[in-house]
Amino acid sequence: MSILLKNAQLITINNQDEVIENGCVGISDNKLDYIGSYKPGFEEAYVRVIDCKGKTVMPGFVNAHNHAAMTLFRNYADDMKLMEWLFEKIFPLEDKLTGDAVYSASMLAIAEMLRSGTTTFSDMYFFMEDVARAVGESGIRAVLARGMHGDAADPKDYRLKENLELFDKYNGAFNGRTSVMFGPHAIFTCTVPYMKMVFDKAKELGTTIQIHVAETKEEVKACLEKHGVTPVKLLYDAGLMDETVVMAHCVNLTEADIDMLAEKRVNVIHNPGSNLKLASGIAPIVKMLDKGINVGLGTDGASSNNNLDMLEELRMATYLQKVHMDDPTALPVDTVLRMATVNSARALGLGDVGSLKVGMKADLIVVNTEKPQYYPKYNIKSAIVYSGNSSDVETVIVDGKIIMEKGVILAFDEEKVLHEAQKFSELLTR
Ligand code: NI
């Protein structure tokens with residue numbers, strides 16, 4: 001179907017970070033076919049015309065690091081140390097998970113993400129076919145990876161096989177809404193030969209890899225003790241770094257680590273909410289950006305955040321860098337908006353997502369900016385980042401289809417999703 005959004009204020013996130021007043025967005029099939037000012041007679045060219053007077057249209061957020069099904073453990077165990085939280089609370093529940101529970105929790109995550117303006121997410125978890133099922137049904141876009149712990153010498157390893165099966169079945173599925181990457185979990189859960197095996201497979205298939213790196217001080221300390229080098233240097237020396245690699249967190253880095261990431265053109269995903277809640281530290285984002293590293297943004301799982309609200313993440317990211325650098329000019333609005341959209345998309349290998357440009361995928365959100373927190377109207381980008389609410393997202397379009405309109409999710413029964421998730425949480429913790 002072709003759709004015209006008219007009378008809107010457009011935040012394009014194009015190369016000039018342009019804002020267009022009284023603008024129009026034309027959609028045909030799943031692509032943007034017009035971005036610009038209104039021209040008389042436009043309406044006749046489109047099947048559906050949506051008047052966006054008083055509204056702002058911008059690209060949907062790209063949540064580049066998530067474990068969607070962990071919504072099931074949201075607020076189940078908080079204010080704990082990472083290792084105790086994982087081993088005493090999370091792992092025992094994860095052992096009891098089923099495909100249906102993961103599907104239900106993923107639907108819950110997707111409902112929350114759509115409501116807060118996210119149109120693409122990346123996911124690293126297990127029972128990934130059930131996550132793919134949720135992506136297919138809900139209409140959102142996703143890049144999926146099977147989270148893998150592994151040892152190349154283990155003949156019983158089934159995780160890489162599952163990631164490969166996921167790739168065969170779902171890479172490019174649902175009109176290209178899903179793509180599949182590889183998900184070696186971390187340097188302390190995978191051996192170097194195993195990571196090499198995964199890296200070679202990803203190369204062979206022409207896809208990308210996502211891994212957690214240097215999240216905590218403990219991880220770095222243990223790596224120094226075991227291997228004599230930092231986690232980044234370990235991966236560098238093993239030849240496991242290039243532009244197809246996405247590293248989540250990268251909180252505890254040395255100057256030399258940052259230089260290696262820049263040299264190898266590795267993508268970094270910043271997760272400020274999770275880093276704050278787990279007291280992991282403050283990632284040196286400004287330094288990485290200054291060195292030309294592509295840095296995207298993610299929420300991490302909902303049990304260490306505890307929501308999947310990208311707008312909150314944007315705000316935390318910019319505030320944290322300002323304090324960290326002792327500089328209020330650090331990570332300005334345009335930069336943090338790019339991190340949450342085009343940079344995240346580029347990290348995930350999605351070159352046609354994250355900005356309003358002709359030819360790009362029609363993934364966008366309509367924000368109701370006719371509310372007190374957006375007035376007076378000086379700078380709409382500042383208003384969104386510093387004073388907006390994600391609950392002001394009214395309409396969500398993914399791949400040219402209206403998934404949510406005027407606050408109502410059309411693609412699935414949201415109430416049922418909430419109740420099912422509650423049911424599974426009670427089953428798991430009983
Ligand atoms: Ni994570």
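For ligands, and for the atoms within them, numbers begin at 1 and follow the listed sequence.
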Does the shortest distance from the Ni ion (ligand 1) to an N/O/S atom of H65 fall below 2.8 Å?
yes
When you measure from the centre of the six-membered ring of Y158, is the NZ or CZ of K156 under 6.0 Å away and within 45° of the axis?
no
Got a sec: is E215 within less than 2.8 Å of the Ni ion (ligand 1) via an N/O/S atom?
no
Is K89 close enough and on-axis enough to F73, meaning under 6.0 Å and within 45°, for cation-pi?
no
Does the distance from a Lys or Arg side-chain N to an Asp or Glu carboxylate O, for K423 and E420, drop under 4.0 Å?
yes
Assess whether a salt bridge exists between K161 and E165, defined as any Lys/Arg side-chain N lying under 4.0 Å from an Asp/Glu carboxylate O.
yes
With the Ni ion (ligand 1) as the reference point, give the N/O/S atom of D300 that is nearest.
OD1
